[in-house]
Amino acid sequence: MARGSAGQSALQRHLRVLDAFEALHPFLTLSEIASAAGLAPSTAHRLVAELTETGLLERMPDRTYRLGVRLWEYASRTPGALGIREVARPWLAAAHSRIRQHIQLGVRAGDDVLFVERMSAPDAVVNATLIGGRIPLHASSIGLVLLAHAPAGVLSHLLASGPRAYTPRTLTGEAELRATLARIRAEGVAVAPGHIHLDSRGIAVPVHGPDGSVYAAMGAVIPNDGGSDPAVIETLRVAAAGVTRALRDAYASASATDDDAAAHGLRPDAGVSARSWEYIAALAGEHAPGTARAGAR
């Protein structure tokens, strides 16, 4: 019997199929999907056919499957993470031009960091990050920043699950994690030398939202060569402050026409010029915030 399939809803079984696809395994055969999802071959065949018909999966000429472009369409309409990605990109680019290694932006997704943007130099040091990929909070500098400012229950849940040690330097013990998180809250920066790869050192700082809470974290991955960090930390802090201001302005602009803007997160027009958004809304026949409905007098 396939693991855990009994009693699950149709939606849960469809999600198991989609979860079978990973960044390192973007193309799967039907039998590989069934194995990864823990489903009987007949069940996997039916679910894959339904997902392919709706465009959530795509069948390749070699009979493998990949995630469908329709999923990207849905993700692109999501305000939260994609909104901050648009707002932060100019500041990430500015930081990358100075640090010339890896610059990345992450938000918390449960016990993981979800990386929403990354910029890298071709000859940069080893980095395990992929856009849209996840790494457990305890293992990376960005994750440690987010964990330091997460609700208390997040650390408890992570510890109960048995944190993975990627290298001998990865923080996995409760005492060392709690001490590190307290230091991050006090100093406003996380440094993770060799926590995921011994050749790499992660450095990260918080990005604050309009209400002062930690909205995301921005980090750099540089060689773990014992070099000095102050210049990198200062560059990240300046860039994070720029993103914080941009978020504040974006929320202020949204709240001028949408009373629920603060509760709902960034609108999809974050990072889009006002004239462009008006034109997009007119083409769609929609009423963009702060504009007249197309055709109105």
Side-chain angles (χ1 to χ4, degrees), residues 3-4 19-25 36 38 81 99 101-118 120 124-208 213-230 232-233 236-237 240:
R3 62 173 172 82
D19 285 341
F21 294 85
E22 300 176 349
L24 296 179
H25 302 96
I99 296 175
Q101 285 285 330
H102 303 281
I103 297 293
Q104 47 205 32
L105 184 74
V107 296
R108 186 173 70 85
D111 293 345
D112 299 326
V113 182
L114 173 63
F115 291 94
V116 298
E117 185 60 285
R118 189 188 82 167
S120 301
V125 71
V126 174
N127 184 10
T129 300
L130 294 171
I131 295 175
R134 294 178 179 230
I135 291 178
L137 290 169
H138 72 282
S140 73
S141 56
I142 283 182
L144 288 170
V145 168
L146 297 172
L147 185 57
H149 297 279
V154 176
L155 177 58
S156 299
H157 187 269
L158 190 152
L159 289 168
S161 67
R164 174 183 174 183
Y166 291 83
T167 77
R169 303 292 302 275
T170 310
L171 304 181
T172 58
E174 180 175 358
E176 60 183 349
L177 269 170
R178 290 192 183 278
T180 298
L181 298 178
R183 185 166 61 252
I184 291 169
R185 286 189 289 269
E187 299 177 357
V189 62
V191 180
H195 287 200
I196 294 179
H197 193 285
L198 292 176
D199 291 342
S200 306
R201 180 164 75 254
I203 304 172
V205 299
V207 172
H208 295 277
S213 64
V214 172
Y215 197 101
M218 180 186 296
V221 179
I222 62 175
N224 190 25
D225 55 9
S228 179
D229 296 332
V232 174
I233 293 172
L236 289 173
R237 281 177 166 158

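The first residue in the sequence is number 1, and the count goes up from there. Computed from a prediction, not measured in an experiment: that's the story for all the values here.
The two atoms that bring A220 and L236 nearest to each other are N-CD1, 4.0 Å, heavy atoms only. Here the closest heavy-atom approach between residue A124 and residue H102 is recorded as CB-NE2, 3.3 Å. The two residues I142 and G219 come nearest to each other via the heavy atoms CD1-N, 3.6 Å. Between A192 and S140, the shortest heavy-atom contact is CB-C, 4.4 Å. When every heavy atom of L144 is checked against every heavy atom of H138, the shortest pair comes out as CD2-O, 3.6 Å. Shortest non-hydrogen contact noted between I131 and V116 is CG2-O, 3.8 Å.
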Verdict with supporting geometry, V145 and V205, side-chain contact (heavy atoms from CB on, under 4.5 Å): CA-CA 7 Å; V145 168; V205 299; 5.9 Å; no
After noting the C-alpha distance and the side-chain angles of R201 and D229, does the key distance pass the side-chain contact (heavy atoms from CB on, under 4.5 Å) rule? CA-CA 10 Å; R201 180 164 75 254; D229 296 332; 2.7 Å; yes
After noting the C-alpha distance and the side-chain angles of N127 and Q104, does the key distance pass the side chain to side chain donor-acceptor pair (under 3.5 Å) rule? CA-CA 10 Å; N127 184 10; Q104 47 205 32; 2.9 Å; yes
Yes or no on side-chain contact (heavy atoms from CB on, under 4.5 Å) for D112 and I135, after CA distance, side-chain angles and deciding distance? CA-CA 5 Å; D112 299 326; I135 291 178; over 6 Å; no
Applying side-chain contact (heavy atoms from CB on, under 4.5 Å), run through D199 and N224 and close with a yes or a no. CA-CA 5 Å; D199 291 342; N224 190 25; 5.6 Å; no
Stepwise, does the side chain to side chain donor-acceptor pair (under 3.5 Å) test hold for T180 with R178? CA-CA 5 Å; T180 298; R178 290 192 183 278; over 6 Å; no
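Within the 4.5 Å cutoff, the side chain of V191 has heavy atoms near those of the P193 side chain. Using a 4.5 Å cut-off on side-chain heavy atoms (C-beta onward), D111 and P136 make no contact.
Between the CD1 atom in I203 and the CE atom in M218 there is a gap of 13.5 Å [rounded to 0.5 Å]. Rounded to the nearest 0.5 Å, atoms CZ (R108) and CG (L147) are 8.5 Å apart.
Ring geometry for H208 versus H149: interplanar angle over 60°, hence perpendicular rather than tilted (30 to 60°).
H195 and T170 form no side-chain donor-acceptor contact under 3.5 Å, judged by distance and modelled atom types alone.
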